[in-house]
Amino acid sequence: MIKPLLKVDGLKKYFPVKKGLLARTVGHVKAVDDVSFYVNKGETLGIVGESGCGKSTTGRMLLRLLEPTEGKVEFDGKDLTSLSSGEMRKVRSDIQMVFQDPYASLNPRHTIEKILGEPLLVHGVKSAKERRRKVHEFLKVVGLNADHAKRYPHQFSGGQRQRIGIARALMTNPKLIIADEPVSALDVSIQAQVLNLMQDLQKEYNLTYIFIAHDLGVVRHISDRVGVMYLGKIVEMAESETMYANPLHPYTQALLSAVPVPDPDFEKKEILLEGDIPNPADPPTGCMFHTRCPYKMDICTTVIPQLQEMDKGHSVACHLYGEEGGNDIKNDGGVL
Ligand code: SF4
């Protein structure tokens, strides 16, 4: 059996809600609530959900940019949650992040050479000549050239800046890249270029990706497996092809119905979810999705559905598929 590169077990992040002059804790926002998954070497796991579902918080906890409230993160055989900050700094060369807004994450006063050279310096490459050589090498790898090293972030387009963000992530030869909405801020035509680049780099450097997005369409071609999150929990997890051909959770079905289909003869009815995502400080009882679900049953308002495996590698958290539910939900290629 293959040992996963990353294994996440029961990960939680609860933010305290404080009130009054004494800032007393009166409750918690469960931003991530008991999330477990694994990622194999060389694989891409897509994590999808609306904003506020906890996907970015999950990504940040893997690198301990945010400390988990509870749970275990095992990377390459090491329990990251038990490492000291010094030990964690060493691991950070193996796990890198690519952010949604490269402009915000690139220091506007520094040249690209300085920005890309910094991770090398932190990880012990003392020679300026060697750093420059690597910067030039990785600029070429992401489709830019050595002359770009002298420029500043504002002199690049959005797509070029994201290429620089990707180059920065590659500088320390990482094993895992966590890409948090890396193409959401880009035009659709540029999105495809950046996604293709990421796929090529994955093959060339044997990279493992966690690809976070709010749109199932974006992660479709890049992901081997996809997990769908809603209000801090994973509600469905499956291999990519299975998820798109046979989505089980009503929320996944609604998300998929909004993904455009390139075939003009294929008529697809979008499932419009009623209401907004509930306030995470005051979440619904039972199934968190019951306030918006077209299939809500009595049990859904009181009992939290647990993630259960329906088929090999395909898990869902929904009472429709339990003994209590109807289990006769019909879908046709992602459309109800
Ligand atoms: Fe809908 Fe009930 Fe399933 Fe939740 S458990 S998704 S409310 S049918």
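Ligands are counted one by one from 1 in listed order, and the atoms in each one are counted from 1 as well. Count residues from 1 along the sequence. No hydrogens, no waters, no symmetry mates; every other heavy atom, side chains included, goes into these values.
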Check your understanding: Tell me, do Asp180 and Phe211 make a side-chain contact under 4.5 Å, heavy atoms counted?
Key -> no
Check your understanding: For ligand 1, which atoms sit closer than 4.0 Å to a heavy atom of His249?
Key -> 6 (S)
Check your understanding: Taking atom types as modelled, is there a side-chain donor on Ser184 or Glu181 under 3.5 Å from an acceptor on the other?
Key -> yes
Review point. Which residue owns the protein heavy atom closest to atom 5 (S) of ligand 1, what's the atom, and how far is it?
Key: His319 N, 3.2 Å
**Study point:** Close side-chain approach of Leu5 to Tyr38, heavy-atom, < 4.5 Å
**Key:** no
Check your understanding: Hey, are the side chains of Pro250 and Cys293 touching, using non-hydrogen atoms and a 4.5 Å cut-off?
Key -> yes
**Study point:** Metal proximity, Cys287 vs atom 2 (Fe) of ligand 1, N/O/S cut-off 2.8 Å
**Key:** no
Point to revise | Tyr251 and His249 aromatic ring geometry - parallel, tilted or perpendicular at 30°/60° bounds | key: perpendicular
Check your understanding: For ligand 1, which atoms have a heavy atom of Pro250 less than 4.0 angstrom away?
Key -> 6 (S)
Practice item. Find all atoms of ligand 1 within a distance of less than 4.0 Å from any non-hydrogen atom belonging to Phe289, and give their numbers and elements. Key: 6 (S)
Review point. What protein heavy atom sits nearest atom 2 (Fe) of ligand 1, and how far away is it?
Key: Cys300 SG, 2.2 Å
Review point. Relative to the heavy atoms of Leu320, which atoms of ligand 1 are at a distance of less than 4.0 Å?
Key: 8 (S)
Exercise for review: Below 4.0 angstrom from a heavy atom of Cys293, which ligand 1 atoms are there? Numbered from 1 as shown, please.
Suggested key: 1 (Fe), 6 (S), 7 (S), 8 (S)
Check your understanding: Is any side-chain heavy atom of Tyr230 closer than 4.5 Å to a side-chain heavy atom of Pro278?
Key -> yes
Review point. Does a salt bridge link Lys233 with Asp34, judged by any charged N lying under 4.0 Å from a carboxylate O?
Key: no
Review point. Given that the side chain starts at C-beta and the backbone is N, CA, C, O, which of these parts of Cys318 lies under 4.0 Å from ligand 1, counting heavy atoms, or is it both or neither?
Key: both
